Enquirer: 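This structure is in structure tokens; I'll ask about it shortly.
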Amino acid sequence: MENISPALLEWFYKNRRSLPFREDPTPYHVWLSEVMLQQTRVSAVLPYYYRFLEALPDIPALAACEEEKLHKLWEGLGYYSRVRNLQKAAKLVCAQYGGQLPADYAALLALPGIGEYTAGAIASISFGLPVPAVDGNVLRVFSRLYNDPGVITEPAVKKAFTARVMEHQPPEKAGDYNQALMELGALVCVPNGAPLCGQCPLAEVCRARAAGTTAQLPQKAKPKPRKIVPVTLALVESPAGFLVQQRPQKGLLAGLWQPVLWEDEHLLQAEVLARLTALGLDTGTAAPAALPAAKHIFTHIEWLMSGVQLRVAAQSAPAGYVWASREQLRTAYALPGAFRAYKPLLL
DNA sequence: TGTCCACGTCT
DNA sequence: AAGACGTGGAC
């Protein structure tokens, strides 16, 4: 196949979206934006990106940030290990590289939370190094360009596609070329079988377009069914606020905060009261109110939530729990989006 | 309603 | 190799 980069770059320079991390592509800006953009759309990321940089304008500031403030800056973005790894890496960068990201693909790849894609994006976009940055957009574009039915979730297929990506990459414009491929995937060679081939600078050479197979590409593995998990929660409010606890530092929603909650159990009101009493809480005599049922879908799990809401007298919090005021819940404690249905009651 | 996006990284 | 890990919006 002829080299696609001249037509691709010409299209990119005319059609690229103006994005804050593109207008000022420092290594830190590109790093932060790429980590935020992993599994998350541009429109969702932008407000977080502005707020994060305002609070933590450089890598040393990120390295020094309090964990709770960091979680709060990421609250609602999901995949919270991303922000913990971001700070781990920032601390390493301060200790090993004087607070500046290294202009070296292998050194970037060695940092926590930076995998092949993110290392390639930073190295090519910020440092101009001729390395690949192959994300889902690029895999989709190349699966269609070559009419290749390879299952793109398989590492061997990704490797083969990456080799093709590099055959077309102009070493002097690696960053623009990589961004152009992703931008083409985001704006023109879109998923779900309806690419805008009429606007595509590569339409003439696209083998899937010639074969009429764009809607069947890319091929992917079937997702596994999600596990259904019953969850019971208790919104316990005293004059001091709501009773909350921090989740364990490993696993689902690690380190985030939640109301009193039992996973894998669907409890009746009387059972909830008994559990609260067993924690040492004086629940008084007022009848609890049932909470509306709610569902939250994670990638691999589906929470079916129900529970109760109740007011109790002023008292000390049971071990492992704290009373958090509405103000503290708004400004200091990071609550995952899974509790969105109940947030109006909490905030 | 349910599916897809969404390879991205770590384990 | 395969599973863990969030969220929200498009369709």
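In this text the structure is predicted, and so the values were computed from the model without any measurement. In what follows, chains carry the letters A, B, and so on, assigned in the order in which the sequence lines appear, proteins first and then strands, with residues in each chain numbered from 1.
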Enquirer: Using both distances under 3.5 Å as the test, list the Watson-Crick or G-U wobble partner of B:dC7, or none.
Expert: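 Per the H-bond distance test, none.
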Enquirer: The side chain of A:K224 lies closest to which of these nucleotides: C:dG6, B:dC7, C:dG3?
Expert: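 For A:K224, the side-chain atoms sit closest to C:dG3.
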Enquirer: Please give, in whole Å, the distance from C:dG6 P to A:Y48 OH?
Expert: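 Those two atoms, OH and P, are 13 Å apart.
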Enquirer: Quick one: A:R226 CZ to B:dA6 P, roughly how many Å, whole number?
Expert: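 After rounding, the gap between these two atoms is 17 Å.
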Enquirer: Under the criterion side-chain hydrogen bond (donor to acceptor under 3.5 Å, both in side chains), which of A:H71, A:Q328, A:E68 is the partner of A:W257?
Expert: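 The option that passes is A:E68.
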Enquirer: Closer than 4.0 Å, any side-chain N/O of A:Q39 to the OP1 or OP2 of B:dG8?
Expert: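 A:Q39 to B:dG8 OP1/OP2: side-chain N or O found under 4.0 Å.
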Enquirer: On the 0 to 90° scale, with breaks at 30° and 60°, tag the A:H296-A:F298 ring pair as parallel, tilted or perpendicular.
Expert: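 Rings of A:H296 and A:F298: perpendicular, as their planes differ by over 60°.
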Enquirer: On the nucleotide B:dC5, are OP1 or OP2 found under 4.0 Å from the side-chain N or O atoms that A:K220 carries?
Expert: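 Indeed, a polar side-chain atom of A:K220 lies that close.
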Enquirer: Phosphate oxygens OP1/OP2 of C:dA2: is one of them under 4.0 Å from a side-chain N or O of A:K222?
Expert: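 No, no such contact exists.
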Enquirer: Between A:Y79 and B:dA6, is there a contact of a side-chain N or O with OP1 or OP2 at under 4.0 Å?
Expert: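 Checking B:dA6 against A:Y79, no side-chain N or O comes under 4.0 Å of OP1 or OP2.
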Enquirer: On a plain distance test, is the side chain of A:T40 in donor-acceptor contact with the base of C:dG6 below 3.5 Å?
Expert: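 Such a pair exists between side chain and base.
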Enquirer: Under 4.0 Å between a side-chain N or O of A:N85 and OP1 or OP2 of B:dC10?
Expert: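 No.
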Enquirer: Between B:dC7, B:dG8, B:dA6, spot the one nearest the side chain of A:P155, thanks.
Expert: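 For A:P155, the side-chain atoms sit closest to B:dC7.
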Enquirer: For A:I297, which contact category applies under a 4.0 Å heavy-atom criterion: base, sugar-phosphate, or nothing?
Expert: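 Base contact.
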Enquirer: Check the phosphate of C:dA4 against A:H300, side-chain N and O only, distance under 4.0 Å to OP1 or OP2. Yes or no?
Expert: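 For A:H300, the contact criterion (side-chain N or O under 4.0 Å from OP1 or OP2 of C:dA4) is not met.
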Enquirer: Partner lookup for C:dT7, please. Criteria are Watson-Crick or G-U wobble with both distances under 3.5 angstrom; report none if nothing qualifies.
Expert: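 Its partner is none (no Watson-Crick or G-U wobble pair with both distances under 3.5 Å).
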Enquirer: Please pick, from B:dC4, B:dA6, B:dG8, the nucleotide with the shortest atom-to-atom distance to any side-chain atom of A:Q38.
Expert: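 The nucleotide sitting nearest to the side chain is B:dG8.
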Enquirer: Ignoring backbone atoms, establish whether A:H296 has a side-chain N or O less than 4.0 Å from OP1 or OP2 of C:dG6.
Expert: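 For A:H296, the contact criterion (side-chain N or O under 4.0 Å from OP1 or OP2 of C:dG6) is not met.
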Enquirer: Please classify the nucleic acid contact of A:Y117 as base, sugar-phosphate, or nothing, using heavy-atom distances under 4.0 Å.
Expert: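 Counting heavy atoms under 4.0 Å across all strands, the contact made by A:Y117 is with sugar-phosphate only.
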Enquirer: Which is true for A:S43 with a 4.0 Å heavy-atom rule: it touches a base, it touches only sugar-phosphate, or it touches nothing?
Expert: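 Nothing: the residue A:S43, judged by heavy atoms under 4.0 Å, touches no strand.
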Enquirer: Does a side-chain N or O of A:T299 approach OP1 or OP2 of B:dA6 to a distance below 4.0 Å, or not?
Expert: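 Checking B:dA6 against A:T299, no side-chain N or O comes under 4.0 Å of OP1 or OP2.
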Enquirer: Compare the minimum distances between each of B:dA6, B:dC7, C:dT7 and the side chain of A:R41, then state the nucleotide with the smallest one.
Expert: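 Per side-chain heavy atoms of A:R41, the pick is B:dA6.
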Enquirer: So does A:R340 get a side-chain nitrogen or oxygen closer than 4.0 Å to the phosphate oxygens (OP1/OP2) of C:dG6?
Expert: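 Looking at the OP1 and OP2 atoms of C:dG6, neither is under 4.0 Å from any side-chain N or O of A:R340.
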Enquirer: Contact class for A:A254 (heavy atom, under 4.0 Å): base, sugar-phosphate, or nothing?
Expert: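 Result for A:A254 = nothing.
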Enquirer: Over all strands shown, is A:E116 touching base, sugar-phosphate only, or nothing at heavy-atom distances under 4.0 angstrom?
Expert: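 Sugar-phosphate contact only.
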